[in-house]
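Reminder, nothing fancy here: chain letters follow the sequence lines and each chain counts from 1.
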Amino acid sequence: MGRAQPRWLVQPLGADGTPYRADGGSPTVMTAAQLAAADAGRPRWVLDGADRHYPALLRAGVRLTRCHDIVMTERLLQGRVGEFGVPVAAAAVVARATGAPVPADPGAQPAADAVPALFDTPAAGPQPERPDAVLDRLGAALRDQLGRLSRQPQPAPLRLLVAADSTSALAAVELSAAGMPWDADEHDRLLSALLGPRPRHGGRPAKLQALADQVAAALGGRVNPDSPTDLRQAFYRNGIELTSTRSWVLKSIEHPAIAPLLAYKELARLYTANGWNWLSTWVVEGRLHTEFVPAGVVSGRWATRGGGGLQLPRALRAAGRARSGWTLVVADAAQLEPRVLAAVSADPALQQICRQDDLYVALAADGFGGDRAAAKLAMLGAMYGQTSGEAGRLLATLRARYPASMALLQRAADTGEAGGVVHSVLGRASPPPSEAWRTVTAADTPRAREQARSWGRFTRNFVVQASAADWAAVWLSLLRAELLAGAAPGAELVFFQHDELILHCPSEQAQTVCELARSTADAARALVFPRSTAATPVRPVAVGCYADAK
DNA sequence: TGCATGGGCGCC
DNA sequence: AAAGGGCGCCCATGCA
């Protein structure tokens, strides 16, 4: 007895997003093969959360090329609705979640193209929703969203963002399922070389324990180097008062315990965060299976759930290896954020600087006496809101030479300090500050000012970080579209980290993939920053092993 | 025993 | 005068 083939219920929708059951189109039950055939016509499928519905499709061998993700879109729209209080649309969302009808939207505008709705046939549950009810709910939600989109002051960039976020939702499911190729044996060798062999019955690995013993000996007594309190007490007994046990604080101390302690901290981090337990939990059949969460960060950056997929330590990247006969293409957008700042601010001088391959070299030559490190420190400090130290002093140079970009950052910070909302280049809104923040900052106290400035640093950085995330999402979407169109047979996306993409492809496709990564980055720049001359250069490298990429 | 919080550190 | 943004995850710790 074979298992029943999975099937999906598909509702064709009219051009205005209205289900047209009444005039002939009726819900159809489709097999995976039929869905795949239907996708060849490049419809924009409507999904009530790709993370909920796409994994099953993918397991059945169906890849969807384009979609409108109701959940991703709702988050984008709600961020833009009200600055304060409960957004107007929240009521509709609650209604949808409970299966109650959504109020019709009289202002709905026609969609750009016909869209089929698509979702799993209702699973057995306590109270499965009737298929028609699901269809009505989805159709109403779509009409509602298209209407709200068209009423935005600048709908075009936001529509691009909706498309990019929706595609990201599909790509995240695919990336999570594919997994980065990861060589567990190599990982084990690296760990053993650094830490000593894997301990058999608990306890620390040999080299870690030896360092812990050295620390204890140097401090004259028992001390748990994993305990900040313990450490501070031990140092206090030795006549040293520590404000914290952070490594940069320790580095300024002269004491025989410091060197082994710093070494211990570094290795202990490796052992606990990416040691053998991590390996056996997250690496399955040669792939690292972390779960990607598209736009999981308020700025639109992706997050990961499990496995710490966005914090793969450099020391272990040699374990990221292509299969035999295959190649990893590692493509990252170099110095993305200052380039994004130049583009969103349309600062002529900074855009000029950003035409250079290494913009920090050009920046250093322009106003920092050729000191690249100083130029970089100043630029990063400006984008993060640093005002003290060397970065603070160098800020004056940036203000004098790049007034437009520095003014944009200052406006963003001022808006945040006043409790306002800022937006990315495509229109993603920053979250409004909490009620608690409003209460605290209403006072005229040092704490109030500190809280206000802190939120200002967040909004200052948001305009850059979120705009960079816009660009990256469009880049990813364009590259994925090329792959689905067959531009590099066999190539698949396996990793995405803010401004870096990794693809796994048959070695003979590597140069094609490199070129695709470059060309789609250029196309993304033209779409996201159409009036900017600042480049967003991508430098793909074809390697057998992730560690060789930098 | 489980849960929440803070210190600390990895990545961008 | 002003003391760098975003995350996820580990451990230790204090509490119920």
Are [X] and [Y] within salt-bridge range, i.e. N to O under 4.0 Å?
X: Arg301(A); Y: Glu337(A); result: yes
X: Glu515(A); Y: Arg518(A); result: yes
X: Asp444(A); Y: Arg449(A); result: yes
X: Arg447(A); Y: Glu450(A); result: no
X: Arg372(A); Y: Asp358(A); result: yes

[X] side chain: which of [options] is closest?
X: Lys550(A); options: dC12(B), dC9(C), dA3(C); result: dC12(B)
X: Arg457(A); options: dA3(C), dG8(C), dA12(C); result: dA3(C)
X: Arg453(A); options: dC12(B), dC9(B), dA2(C); result: dA2(C)
X: Gln465(A); options: dC9(B), dG6(C), dC12(B); result: dG6(C)
X: Thr245(A); options: dG8(B), dC9(B), dG6(C); result: dG8(B)
X: Ser388(A); options: dG4(C), dG8(B), dC11(B); result: dG4(C)
X: Arg301(A); options: dC12(B), dG8(C), dG8(B); result: dC12(B)
X: Arg269(A); options: dC9(B), dC11(B), dC7(C); result: dC9(B)

Under 3.5 Å, N/O pairs linking protein and nucleotides 13-16 of chain C:
| unit_1 | atom_1 | unit_2 | atom_2 | d |
| --- | --- | --- | --- | --- |
| dT13(C) | OP1 | Ser227(A) | OG | 2.8 |

* **Phosphate OP1/OP2 of dG8(B): any Lys265(A) side-chain N/O under 4.0 Å** => no
* To do: Considering just the side-chain nitrogens and oxygens of Thr387(A), establish if one lies under 4.0 Å of OP1 or OP2 belonging to dA1(C).
  => no
* **Counterpart residues, salt bridge (charged side-chain N to carboxylate O under 4.0 Å, His left out), relative to Asp185(A) (two or more places apart)** => none
* To do: Applying salt bridge (charged side-chain N to carboxylate O under 4.0 Å, His left out), name anything that partners Arg355(A), two or more places apart in sequence or on another chain.
  => none
* To do: Go through the structure and list residues passing side-chain contact (heavy atoms from CB on, under 4.5 Å) with Ala466(A), not counting sequence neighbours.
  => Ser299(A), Ser424(A), Phe462(A)
* Asked: Quick one: side-chain contact (heavy atoms from CB on, under 4.5 Å) partners of Ala333(A), sequence neighbours excluded?
  -> Leu336(A), Trp471(A), Asp499(A), Val538(A)
Using atom [atom1] of [X] as one end and atom [atom2] of [N] as the other, report the distance to the nearest whole Å.
X: Asn461(A); N: dC7(C); atom1: CG; atom2: C1'; value: 12 Å
X: Arg460(A); N: dG5(C); atom1: CZ; atom2: C1'; value: 10 Å
X: Leu231(A); N: dC9(B); atom1: CG; atom2: P; value: 10 Å
X: Arg393(A); N: dA2(C); atom1: CZ; atom2: C1'; value: 14 Å
X: Gln497(A); N: dG8(C); atom1: CD; atom2: P; value: 13 Å
X: Glu390(A); N: dG4(C); atom1: CD; atom2: C1'; value: 14 Å
X: Glu266(A); N: dG8(B); atom1: CD; atom2: P; value: 17 Å
X: Arg232(A); N: dG7(B); atom1: CZ; atom2: C1'; value: 10 Å

* Summary of side chain to side chain donor-acceptor pair (under 3.5 Å) pairs that have at least one residue in residues 225-241 of chain A, sequence neighbours excluded -> Asp226(A)-Tyr264(A)
* Sort and list the pairs that fulfil side chain to side chain donor-acceptor pair (under 3.5 Å) and have at least one residue in residues 407-420 of chain A, not counting sequence neighbours. => Gln410(A)-Asp414(A), Gln410(A)-Arg460(A)
Check whether any side-chain heavy atom of [X] lies under 4.5 Å from a side-chain heavy atom of [Y], and answer yes or no.
X: Asp165(A); Y: Asp69(A); value: no
X: Val528(A); Y: Val340(A); value: no
X: Leu261(A); Y: Leu231(A); value: yes

Contact list for DNA chain B against [range] - heavy-atom distance below 4.0 Å:
range: residues 400-413 of chain A; result: none
range: residues 304-313 of chain A; result: Leu310(A), Gln311(A), Leu312(A), Pro313(A)
range: residues 270-299 of chain A; result: none

* Check the geometry between Tyr384(A) and dG5(C) and answer yes if their rings are stacked (centres below 5.5 Å, planes below 30°), otherwise no. => yes
* **Qualifying ring-ring contact (aromatic ring centres under 6.0 Å, His included) pairs with a residue from residues 399-430 of chain A, counting only residues at least two apart or across chains** => none
* **Contact summary for Leu250(A) and Ile258(A), nearest pair of heavy atoms** => O-CG2, 3.5 Å
* Lys376(A) atom NZ: more than 12 heavy-atom contacts under 6.0 Å -> no
* No-H, no-angle donor-acceptor pair, Arg314(A) side chain to dC11(B) base, under 3.5 Å -> no
* Can you tell me if Gln209(A) and Asp213(A) form a side-chain donor-acceptor pair at under 3.5 Å? -> yes
* Within the structure shown, what part of the strands sits under 4.0 Å from Arg317(A) by heavy-atom distance: base, sugar-phosphate, or nothing? -> sugar-phosphate
* Name the stems with DNA chain C in them: runs of three or more consecutive Watson-Crick or G-U pairs, distances under 3.5 Å? -> B:1-12 with C:5-16
